[in-house]
Amino acid sequence: MNLQKINWKIYFKSAVAAKPDIFFKVFNTWIPDSPEIFVDVADYRHVHDGPLVLLAGHYVDYALDHTDRRLGFLSGQKGGIQGDLAERIQSSLLEFLKAAQRLEKDPAFGGKLDFATNELLFIANDRALAPNTSATFSEIKPILYKILSRIFESKELNMEHLPNPKQRFSVKITCKQESDLKQMIDRLS
Amino acid sequence: MANHVDIKEVSGSESAKSWKKKLTGLMPADWEKEIDEFETEMFLKKQGKIEDKIFAETRLRRGVYGQRYDNGKRHDGREDRPIHFPCGELTKGPATVWDAPGMQRIKIPWGGFIPEQMDLLADLAEEYSDSICHVTTRQDIQLHYVHIEDTPSLFRRLAAVGITTREACGNSVRNVTACPIAGVCNEESFDVTPYADAMFLYALAHPDIQDFGRKFKIAFSGCKNNPCGLVTIHDMGYIAAKKMVNGVEKKGFEMVVGGGLGALPYQAKLFSDFIPVEEMLPLAQAVWRIYARYGEKKKRNRSRIKFLVADWGIEKFRQMVLEERAKLPVDPRWNELISHPEKYGERPLKDTKKLAAVRPSADYKQWITHNVSPQNQKGYYLAIVSLPLGDITANQLRDLAAIARKYIRDTVRTTVEQNIVLRWVAEADLPALYDDLKKTDLADPFAGTIVDITSCPGTDTCKLGVASSRGLAGELRQRLVEKSVQMNEAVKNLHIKISGCFNSCGQHHVADIGFYGISRKVGNYVVPHFQLMIGGQWTENAASYGMAVAGIPSKNIPAVVDRLGEIYVKGRQGDEKFQTFIQRLGKIRLKKALDDLTVIPSHDENPSFYVDWGDVREFTTSDIGKGECAGEVVSLVDFGLKSADRELFEAIVQFEAGNLDGAAAQAYHAMVTAAQGLIKGQNPDVSNQADKIITEFKTRFCDTEIFYDRFARDQFANYLFRAQSEGFGSLNKEKVRQRIEEAQLFIDAAYNCHARMSMEA
Ligand code: SF4
């Protein structure tokens, strides 16, 4: 499966510091100051159950996201990732965690941005290549398990396939303990 | 051979190939063919085989539109910074980088869509865009940040649920709009839906609309008094009317032509106070032919039909159209397309039941007051879903589709006020519908009020935007929502419309309070402003346009809106309408009352005035690009030659696949298409039959020696004639290869001939 469109989402422990106006400012600073190709920042604070602030890029979009009424940080890889499926999933996750860490360190949030690192959401953003079926889950689960057990060090990792046929193929990943982002990145690098 | 290519690359990514395979045969054959052709043209563009100008118009006619920063630069508040897209020099139009994300416009004829289509639009927004669907002021849906490589899959998926993007942009007949409450309205003469749909179907890919100098917009309205159709701001408009003819009541239309907003707004002129429905399509065809023939093609800013009507006067225009009408060969589709209006009749999902006594909440009461109105059919109601800035997320759209299935089945429409209407809601269902809408945050009780602001994309995504219309609309909306409970009803009922520049896509001329983006230079700074337009008439199908009052710094606009409300409430006499009040007050007094709000503080005093709404960068106008609103004017000859290129490429693909007969036929046909393209420059009505085309080509281009090469003389023309006599069965491989090579030379000669003729003209 040559899946290229891969989304990851991580939630916040508390929404207090995850203010859309701060994300808007911070994302704007990322456009000129990043090696990635970013194009623009879109403000969607007026809608619900979707992105609130979106940094649109060529290979990847990032968003402060309120889809399913849960506030989190979302990345959407759009293409250009090398390697086999496992390598692509792994590199998209690594890039995502690094972006989360970059946010965490941004002085605009005053050190208060607090990710709930014991939960992740994986979305295959391509209904042709990854229909939301148990067959897709059977194919992707061992790959995800291998990667995620590295970053969570197998601390009672749980993977739940979200089978709503109207939605994209998604897996909710939880583990018992939290890790900090740096550790997760180190374990995956 | 020059065109030797790896055909495996044509269908793009594995995902794109998968959609193509899955959906083949599941859409109308002509739509499928057009999408395949577009995919091939994309491929040829990447090979450098199609000119920028031609490819730009080709993609625009598929609704694939440029977006801000697609020239590969973005100003960061200090300087222009390059965006290093990986495509390098590859472009998809003049100064438009291939990889730059773009806007995809999706036509929704007369705003009508069904839950299956809503679900799909939600899916597409997630997979190819940013999970937002945007409803436009012309009832379309737009997706942003779409990569051109994804568009063939997007088209196929849309086509499989009955939606085409063909002619969503470009110099063509755009989406045909109509009252969103047609068929259920208390005041309409009759339901215009079947006729709006007939117009959409008739115009789609019609040969007579392929040579326009600019876009052409058509609207339908069920009555004259209400604003739902905004007919008079359109290039051509139809208002339903009935007339007694020989003692029999006939359905027909008041027909208007030559309206339009933009920098120079024109009210449409009355073409006829009554045309019977049977004359609707023939007259439209005659208008198109006159516009294509006599409309301005070189000066883009004079190319809309409104200028032709104004220059000629409506009497001469009418006479020319009627003469053309008389000459038209009868087209059976004129009547076929309107012969079954009953097909469009809607049935409610639920029986009517009286509403049980409920104790309504204040929010519910507000929603009922502003968003709900009774239909013409007793016991049924319309419920407007008010969308902030016309936006709805993918999940919300899917939820709305589920709500539609639950209460009304498939009677959903978009509106020109960028909202969505649910029709045929049974009275007893209103409280439950409200609860369901509220759960998905779609029950804002502001439809048709001052909060329900219309806005074009402005600087957010439009290349021509001067100021941030969406940023301002979002800010005003938020402030007005907070004030709405206490707000005077007269103020609450005003309409605000905002455009990012004078082009007026936000329809600022037809609002009580309109704004369009401008800029002012102060010392070394440029300051975002909006021009205030007052007194536009929204009712009577937008019967009169607002006038400019003053340029106001963007950051003072909320204060201006408050001030206008206060002046109106204080000075209003009885039930006086806003327009009447403004006329009585006079522009001079009004301007004086706003004078203090036109002052710009110095940068040191208040730097926020130098940053636009919805932005953090210091304001600049250096990001403004060249608009793609109607693309370049690409002649019928250009299009014909481009089609010949594509057909020849398809011949090569067949040759490589071992289909020799198919390749020979396709190469021959490519030459015929090139010849037809050349003829179209002189005779747009050229036949589609190969033999007739070749005869006409001989007369026009060979007997006159126009086609002849200086050195090769008639050699290239002879390739065509020989292919005609040889046919295309049982040629050996060598012969077919030769045919393809000759076809290439013939097409090259056709390009040269066209270039020579253009230089001589
Ligand atoms: S009015 Fe101007 S800014 Fe707005 S969409 Fe039209 S061209 Fe763009």
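Every chain is numbered from 1 and lettered A, B, ... according to where its sequence line falls, protein lines coming before strand lines. These numbers were taken from a predicted model, which means no experiment stands behind them.
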Exercise. Where do A:S179 and A:R187 come nearest, in terms of heavy atoms and distance?
Worked result: OG-NH1, 3.1 Å

Exercise. Are there more than 12 heavy atoms of other residues, nucleotides or ligands under 6.0 Å from atom NZ of A:K182?
Worked result: no

For this session: Select one option (side chain, backbone, both, neither) describing which atoms of B:T440 are under 4.5 Å from chain A's heavy atoms.
Result: both

Exercise. Under 6.0 Å between ring centres, would you say that holds for A:F73 and A:F96?
Worked result: yes

Problem set entry | Within residues 109-129 of chain A, residues adjacent to chain B where the heavy-atom gap is under 4.5 Å | A:N125, A:D126, A:R127, A:A128, A:L129

For this session: Against chain B, label A:D65 side chain, backbone, both or neither, depending on which of its atoms sit under 4.5 Å from a heavy atom there.
Result: neither

Exercise. Picking from A:I31, A:D43, A:D61, which has the most non-hydrogen pairs under 4.5 angstrom with chain B?
Worked result: A:I31

For this session: Mind listing the closest non-hydrogen atom pair of B:W613 and B:S554 along with its distance?
Result: NE1-O, 2.9 Å

Exercise. Does B:R68 pair with A:D40 as a salt bridge, N-O distance under 4.0 Å?
Worked result: no

Seminar exercise, completed: Closest non-hydrogen atoms of B:A100 and B:F85, given as atom of the first, atom of the second and distance, are CA-CZ, 3.6 Å

Exercise. Is any side-chain N of the basic residue among B:D615 and B:R617 closer than 4.0 Å to the acidic one's carboxylate O?
Worked result: yes

For this session: Determine, for B:K46 against B:E149, whether the closest basic-nitrogen to carboxylate-oxygen distance falls under 4.0 angstrom.
Result: yes

Problem set entry | Selection from B:S15, B:S131, B:S18 maximising heavy-atom pairs under 4.5 Å formed with chain A | B:S15

Seminar exercise, completed: Under 4.5 Å to a heavy atom of chain B? For A:Y59 that would be side chain

For this session: Using heavy atoms and a sub-4.5 Å threshold, report which of residues 118-127 of chain B line up against chain A, by residue number.
Result: B:D119, B:D123, B:E126, B:E127

Exercise. Looking at A:Q4, A:K25, A:R45, A:R69, which makes the most heavy-atom pairs under 4.5 Å with chain B?
Worked result: A:R69

For this session: Tell me, for A:K166 versus chain B, whether the close heavy atoms (under 4.5 Å) come from the side chain, the backbone, both or neither.
Result: both

Problem set entry | Crowding at CD, B:E79 (>12 non-hydrogen neighbours, <6.0 Å) | yes

Exercise. Given a strict heavy-atom distance threshold of 4.5 Å, which part of A:H58 is in contact with chain B: side chain, backbone, both, or neither?
Worked result: side chain

Problem set entry | Of A:V26, A:V41, A:L64, the residue whose pairing with A:L55 passes side chain to side chain contact (heavy atoms under 4.5 Å, CB included) | A:V41

For this session: Please indicate whether A:K141 has more than 12 foreign heavy atoms, meaning atoms of other residues, nucleotides or ligands, lying under 6.0 Å from its NZ.
Result: no

Exercise. Taking 4.0 angstrom as the limit, do B:K438 and B:D435 come out as a salt bridge?
Worked result: no

Seminar exercise, completed: When the 4.5 angstrom heavy-atom criterion is applied to B:D460 and chain A, the contacting part is backbone

For this session: For residues A:I22 and A:A17, report the shortest heavy-atom separation together with the two atoms involved.
Result: CD1-O, 4.3 Å

Exercise. Tell me, side chain or backbone of B:R477 under 4.5 Å from chain A's heavy atoms, or both, or neither?
Worked result: neither

Exercise. Can you tell which of A:V39, A:N28, A:D21, A:V47 has the highest number of heavy-atom pairs within less than 4.5 Å of chain B?
Worked result: A:V39

For this session: Answer yes if the side chains of B:D130 and B:H144 hold a donor-acceptor pair under 3.5 Å, and no otherwise.
Result: no

Problem set entry | Distance-only donor-acceptor check, side chains A:W8 and A:Q77, under 3.5 Å | no

